[in-house]
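Small disclaimer: the values here were computed from a predicted structure and weren't measured. Here is how names work: the chains are called A, B, and so on, in the same order as the sequence lines, proteins then strands, and each is numbered from 1.
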Protein chains: 2
Amino acid sequence: MKQETRKEEIIKTAARLFKEKGYSAVTMRDLAKAMGIKAASLYNHINSKQEILKEIIISLAEEFTSGINVIKSSDKSSIEKLNEIVALHVSITSKNTYGMASLNNDWMHLEEQLPYYLELRSNYENEFRNILKEGIQKNEIINSDVEVMLFSILSTLRSLYLWIPKKEDLNSEELTSHLSSILINGINK
Amino acid sequence: MKQETRKEEIIKTAARLFKEKGYSAVTMRDLAKAMGIKAASLYNHINSKQEILKEIIISLAEEFTSGINVIKSSDKSSIEKLNEIVALHVSITSKNTYGMASLNNDWMHLEEQLPYYLELRSNYENEFRNILKEGIQKNEIINSDVEVMLFSILSTLRSLYLWIPKKEDLNSEELTSHLSSILINGINK
DNA sequence: ATATTTAACTAACACTTGTTAGTTTGATTG
DNA sequence: CAATCAAACTAACAAGTGTTAGTTAAATAT
């Protein structure tokens, strides 16, 4: 149907530049130069700078949404569900560290799609919160402040894009299990 | 000496705008409008847009540096030192959530001061890492991957600027103690 | 061979960017 | 009262912004 290949090359390159300098600081001429073409030529493949950002962010946000929906529907324990959430973040982030930077830092520059993104994000946090609450009820998780637990864990998972590239020695399984262990059991001896 | 008041008003307003849209997306005209004056009038008080960013970020980075230097020199246990690091982050971030957004997201737009910032940042991480290593040696902290522990805790602390404004019900002491407990002991029952 | 498609190009646009120069106004100080 | 000064203003700049229009050249399909 469409020339998906070239468009996706542009989006990937854009994601890399967005990670380095942020969406607003990257010009279409920067992006073109990184692709080895002229700025105007980009418009044979994409409709606007905005659209590039949208494609990067929304597809990732939808991946997280469908991921957590699978996890919540399983009959595993709450702790096991948390493990799976960690694995979900490690998996998505490993495949696209550049895009995750945009999702974390440039979502406010979405325009028409901003309400949709915020909805996905808020739904995700709600599902995560529900899993924690369920764990407390079932006596698997300490009865501490749910919001502090939620944002503490989520902050770590959302920052993964920053240090996965620096930790290439650990593979995904090792990283997931170390991380789960620290998030769930802490660092106290 | 100088008219510190007006300049600092500008810097505070800028920090708020930088948090909402990022440094690159905020124009001097945006900033002027938020101050109720014209863009050119800003230059009676500041020398450049760059300088505003520098003042926001470097002063915060230096606060962290001097904070951790005090902590490392104490003769407390490693776990107590960790508690103090958490308190340091909560304290600095509570006083300046806007500025912390710039420090986290816009440091790459520092120009002449970038090497200095990176040095402060890397020193801070080293001191933090040393405290963790010391804790492992003294058998206070589990002998797990130091880098995973470091970045897990630091990610949470660095994200504080995002959710402290949403958690105004908790005061600093409560927040610090909840957070320390979760970071150190985890959420497992 | 001809027609179509893909993907590049040049040239230009209207607008926005950070910043400078020079001026005015109202308050404070000598 | 005169002089100074802080802090605003208008006007303008050169450079850079995203994007459009129209064209060209090579590859692919008919």
Side-chain angles (χ1 to χ4, degrees), chain A residues 1-58 98 102 105-114, chain B residues 1-58 98 102 105-114:
Chain A
M1 203 171 176
K2 280 171 202 159
Q3 72 286 28
E4 289 297 72
T5 19
R6 198 68 177 134
K7 179 173 182 179
E8 280 175 4
E9 258 187 274
I10 291 173
I11 292 174
K12 257 187 197 165
T13 305
R16 177 166 58 80
L17 299 184
F18 292 168
K19 182 184 177 189
E20 284 161 16
K21 307 171 60 179
Y23 173 75
S24 302
V26 175
T27 70
M28 296 304 276
R29 285 164 182 83
D30 290 338
L31 176 53
K33 186 166 269 180
M35 293 288 300
I37 61 179
K38 294 296 162 95
S41 307
L42 294 167
Y43 289 84
N44 287 318
H45 308 283
I46 51 105
N47 296 310
S48 66
K49 189 186 178 189
Q50 264 290 312
E51 188 199 47
I52 299 176
L53 187 67
K54 179 200 81 183
E55 303 245 345
I56 293 172
I57 294 181
I58 299 294
Y98 299 143
S102 297
N105 302 321
D106 289 318
W107 56 267
M108 70 284 276
H109 300 116
L110 291 170
E111 289 171 6
E112 315 90 58
Q113 297 85 13
L114 181 56
Chain B
M1 208 172 174
K2 280 171 202 161
Q3 70 288 27
E4 291 296 73
T5 19
R6 199 70 177 132
K7 179 173 181 177
E8 280 174 3
E9 259 188 273
I10 291 173
I11 291 174
K12 259 186 197 167
T13 305
R16 177 167 57 80
L17 298 184
F18 292 169
K19 182 184 176 189
E20 284 161 16
K21 307 172 59 180
Y23 173 74
S24 302
V26 175
T27 70
M28 296 304 276
R29 285 164 181 85
D30 291 337
L31 176 53
K33 186 166 267 178
M35 293 289 299
I37 60 178
K38 294 296 161 94
S41 306
L42 293 167
Y43 289 84
N44 287 319
H45 309 282
I46 52 102
N47 295 312
S48 65
K49 189 186 177 189
Q50 263 291 310
E51 187 199 47
I52 299 176
L53 187 69
K54 179 200 81 184
E55 302 246 345
I56 293 171
I57 294 182
I58 298 295
Y98 299 143
S102 297
N105 302 320
D106 289 318
W107 55 268
M108 71 284 276
H109 299 117
L110 292 170
E111 288 172 5
E112 314 88 59
Q113 297 86 11
L114 182 56

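Taking every heavy atom of residues 19-31 of chain A and every atom of DNA chain D, pairs under 4.0 Å involve A:V26, A:T27, A:M28, A:R29, by number.
Contact between the side-chain N/O atoms of A:H45 and the OP1/OP2 oxygens of C:dT6 is not found at any separation under 4.0 Å. In this structure, B:S41 does not reach the D:dA7 phosphate: none of its side-chain N or O atoms is under 4.0 Å from OP1 or OP2.
Picking from D:dT19, D:dC9, C:dT20 the nucleotide with the shortest atom distance to the side chain of B:K38 gives D:dC9. Among the nucleotides C:dA8, C:dT19, D:dG18, the one closest to the side chain of A:K49 is D:dG18. Side-chain proximity of B:Y43 to the nucleotides C:dG18, C:dA7, D:dC9 is greatest for C:dG18. With D:dA7, C:dT19, C:dA11 as the candidates, the nucleotide lying closest to the side chain of A:A40 is C:dA11.
The distance between atom CD of A:E111 and atom P of D:dG18, rounded to the nearest whole Å, is 13 Å. Rounded to an integer number of Å, the gap from A:I37 CD1 to C:dT6 P is 16 Å. Taking atom CD of residue A:E9 and atom P of nucleotide C:dA7, one finds them 10 Å apart after rounding to whole Å. At whole-Å resolution of the value, CD1 in B:I46 and P in D:dA7 are 14 Å apart. Between the CG atom of A:N47 and the C1' atom of D:dT19 there is a distance of 12 Å, given to the nearest Å. Between the NE2 atom of A:H109 and the P atom of D:dT17 there is a distance of 15 Å, given to the nearest Å. Here the P atom of nucleotide D:dC5 and the NZ atom of B:K7 are 19 Å apart, to the nearest Å. The distance from atom CD1 of A:I10 to atom P of C:dT6 is 14 Å, rounded to the nearest whole Å.
Side-chain atoms of B:N44 and base atoms of D:dA6 include no donor and acceptor less than 3.5 Å apart.
Here B:M35 contributes atom CE and B:K12 contributes atom NZ; the two are 11.0 Å apart, rounded to the nearest 0.5 Å. In this structure, CD in B:E8 is found 6.5 Å from CD1 in B:I11, a value given to the nearest 0.5 Å. In this structure, CG in A:L42 is found 5.0 Å from CG in A:L31, a value given to the nearest 0.5 Å.
Taking 4.0 Å as the cut-off between side-chain N and carboxylate O, A:R6 and A:E9 count as a salt-bridged pair.
Two residues are said to be in side-chain contact when any heavy atoms from C-beta on lie closer than 4.5 Å; B:D30 and B:E20 fail this criterion.
Proximity of a side-chain donor or acceptor of A:Y23 to a complementary backbone N or O of A:Q50 within less than 3.5 Å is detected. Without hydrogens or angle criteria, A:H109 side chain to B:K21 main chain gives a donor-acceptor distance under 3.5 Å.
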